[in-house]
J.: 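Quick one: this structure, given as structure tokens, is what I'll be asking you about.
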Amino acid sequence: MLVLTINQRDTLDAGDRVDAFLRSLGDAPGLAGAVALPFQRAVGDELIGAVTDPAAAVEVALRALRERRWNVGIGVGALRGADGTDGAPSSGSLDDAAGPALAHARRAVEAAAVSTARIPLAVRGADAQAAAEAEAVLRLVGQLVWSRTDAEWAVLDLLVPGVRGQQKPAAHALGITAQAVSQAVQRAYWNEEHACRPAASRLLALAEEG
């Protein structure tokens, strides 16, 4: 199981954005079928959720990093109900959840908050080496997402990974040339990001197996 604990870095300046981020997860690709514990507000400006698919964890983490306002902690391990039953609680409530995955996620988000690294993301689990490797790759991919401009996102939000022939319709929708769309895709390292996502997912899976 992968638990994500995500808390806001800029609440005093931007106001509480937890509810807005929770709504944004509604259209996250591949998330609906992978959620074990629904993402929900925990305490204050923090949200927590659990997924069974590492690719879903990568998706949520990168969505958070895109906004540049969240510390992201990923905890890898077992999750169980407060009554000791294996797996996420049937109630779907965070109050009924327990297990090492939650503890690892707490350690991870605390590490992300105090890290001197530019990308505020950390991974923790029983297999420290596998978790560190997953963290390194996720931070590298996260750097690509973190560094994009609003103009680049305006282009990328109209594209679907792996689908050909999208650049001309995107250019038409934005009133720019197909060449400008191509240049934005190249500057943003969009293809490279999506080529690296499976590697990040695989490393999280290895940390989970460990």
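If you read the sequence from its start, that first residue is 1, and numbering goes on from there. It should be emphasised that the depicted structure is a prediction, and the values quoted were computed from it without experimental measurement.
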J.: Is it the case that the side chain of Arg148 and the backbone of Ala188 share a donor-acceptor pair, with hydrogens and angles ignored and the cut-off at 3.5 Å?
T.: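 Yes, the answer is positive, given that a donor and an acceptor are paired below the 3.5 Å cut-off.
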
J.: Would you say His172 has more than 12 foreign heavy atoms packed within less than 6.0 Å of its NE2?
T.: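 At most 12 heavy atoms, drawn from other residues, nucleotides or ligands, come within 6.0 Å of this atom.
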
J.: With rounding to the nearest 0.5 angstrom, report the CD to CD1 distance, Gln143 to Ile119.
T.: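 Reported value, rounded in 0.5 Å steps: 4.5 Å.
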
J.: Within the side chain of Thr52, is there an N or O that forms a donor-acceptor pair under 3.5 Å with the backbone of Ala34?
T.: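 At least one qualifying donor-acceptor pair exists.
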
J.: Determine, step by step, whether Glu67 and Arg9 satisfy the salt bridge (Lys or Arg N to Asp or Glu O under 4.0 Å) criterion, reporting the C-alpha distance in whole Å, the side-chain angles of both residues, the deciding distance to 0.1 Å, and the verdict.
T.: CA-CA 11 Å; Glu67 297 188 8; Arg9 300 159 56 87; over 6 Å; no

J.: Check the pair Asp127, Gln129 against side chain to side chain donor-acceptor pair (under 3.5 Å), reporting the backbone distance first and the verdict last.
T.: CA-CA 6 Å; Asp127 187 333; Gln129 181 61 38; over 6 Å; no

J.: State plainly whether the residues Asp27 and Arg63 are in salt-bridge range, i.e. N to O under 4.0 Å.
T.: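 Salt bridge between Asp27 and Arg63, a charged N being under 4.0 Å from a carboxylate O: yes.
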
J.: Asp83: which residues meet the side chain to side chain donor-acceptor pair (under 3.5 Å) condition with it, sequence neighbours left out?
T.: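 Result, side chain to side chain donor-acceptor pair (under 3.5 Å) vs Asp83: Thr85.
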
J.: Working to the nearest 0.5 angstrom, can you tell me the gap between Leu47 CG and Ile6 CD1?
T.: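 These two atoms lie 5.0 Å from each other.
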
J.: Ignoring hydrogens, what is the shortest heavy-atom contact between Ala112 and Asn71? Give both atom names and the distance.
T.: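 Heavy-atom minimum between the residues: O-OD1, 4.0 Å.
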
J.: To the nearest 0.5 Å, what is the distance between CG on Leu102 and CG on Leu94?
T.: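 Going from CG on Leu102 over to CG on Leu94, the span is 6.5 Å.
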
J.: Looking only at atom types and distance, does a side-chain atom of Gln8 sit under 3.5 Å from a main-chain N or O of Arg17, one as donor and one as acceptor?
T.: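 Such a contact is found between Gln8 side chain and Arg17 backbone.
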
J.: Walk me through whether Val155 and Trp190 qualify under side-chain contact (heavy atoms from CB on, under 4.5 Å).
T.: CA-CA 10 Å; Val155 172; Trp190 189 68; over 6 Å; no

J.: Do any N or O atoms from the side chain of Ser182 and from the backbone of Gln179 form a donor-acceptor pair under 3.5 angstrom?
T.: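 Not at all, since once roles are kept as given, no pair shorter than 3.5 Å links the two residues.
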
J.: So, taking the atom named CG in Asn191 and the one named SG in Cys196, what distance separates them when rounded to the nearest 0.5 Å?
T.: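 Those atoms lie 11.0 Å apart.
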
J.: Before you tell me yes or no, could you show the steps for Arg66 and Trp153 under side-chain contact (heavy atoms from CB on, under 4.5 Å), namely the whole-Å CA-CA distance, both residues' side-chain angles and the distance that decides it to 0.1 Å?
T.: CA-CA 10 Å; Arg66 168 179 175 170; Trp153 278 118; 3.4 Å; yes

J.: Do any N or O atoms from the side chain of Glu46 and from the backbone of Val43 form a donor-acceptor pair under 3.5 angstrom?
T.: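 Flag not set: sc Glu46 to bb Val43 has no pair under 3.5 Å.
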
J.: In sequence, state the C-alpha distance, the side-chain angles, and the governing distance for Arg187 and Thr149, and then conclude on side-chain contact (heavy atoms from CB on, under 4.5 Å).
T.: CA-CA 10 Å; Arg187 285 195 308 271; Thr149 65; 5.9 Å; no

J.: Given 3.5 Å as the limit, does a donor-acceptor pair link the side chain of Glu135 with the main chain of Val123, or not?
T.: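 Yes; at least one donor-acceptor contact below 3.5 Å.
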
J.: Between Trp70 and Asp45, does a side-chain contact (heavy atoms from CB on, under 4.5 Å) hold up when you go through it step by step?
T.: CA-CA 10 Å; Trp70 305 98; Asp45 55 0; 5.7 Å; no

J.: One thing to verify: whether Arg202 and Glu133 come together as a salt bridge, which I'm taking to mean a side-chain N less than 4.0 angstrom from a carboxylate O.
T.: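 Answer for the salt bridge query: no.
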
J.: Distance-only, no hydrogens or angles: does the Glu208 side chain make a donor-acceptor pair with backbone N or O of Met1 under 3.5 Å?
T.: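 At least one qualifying donor-acceptor pair exists.
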
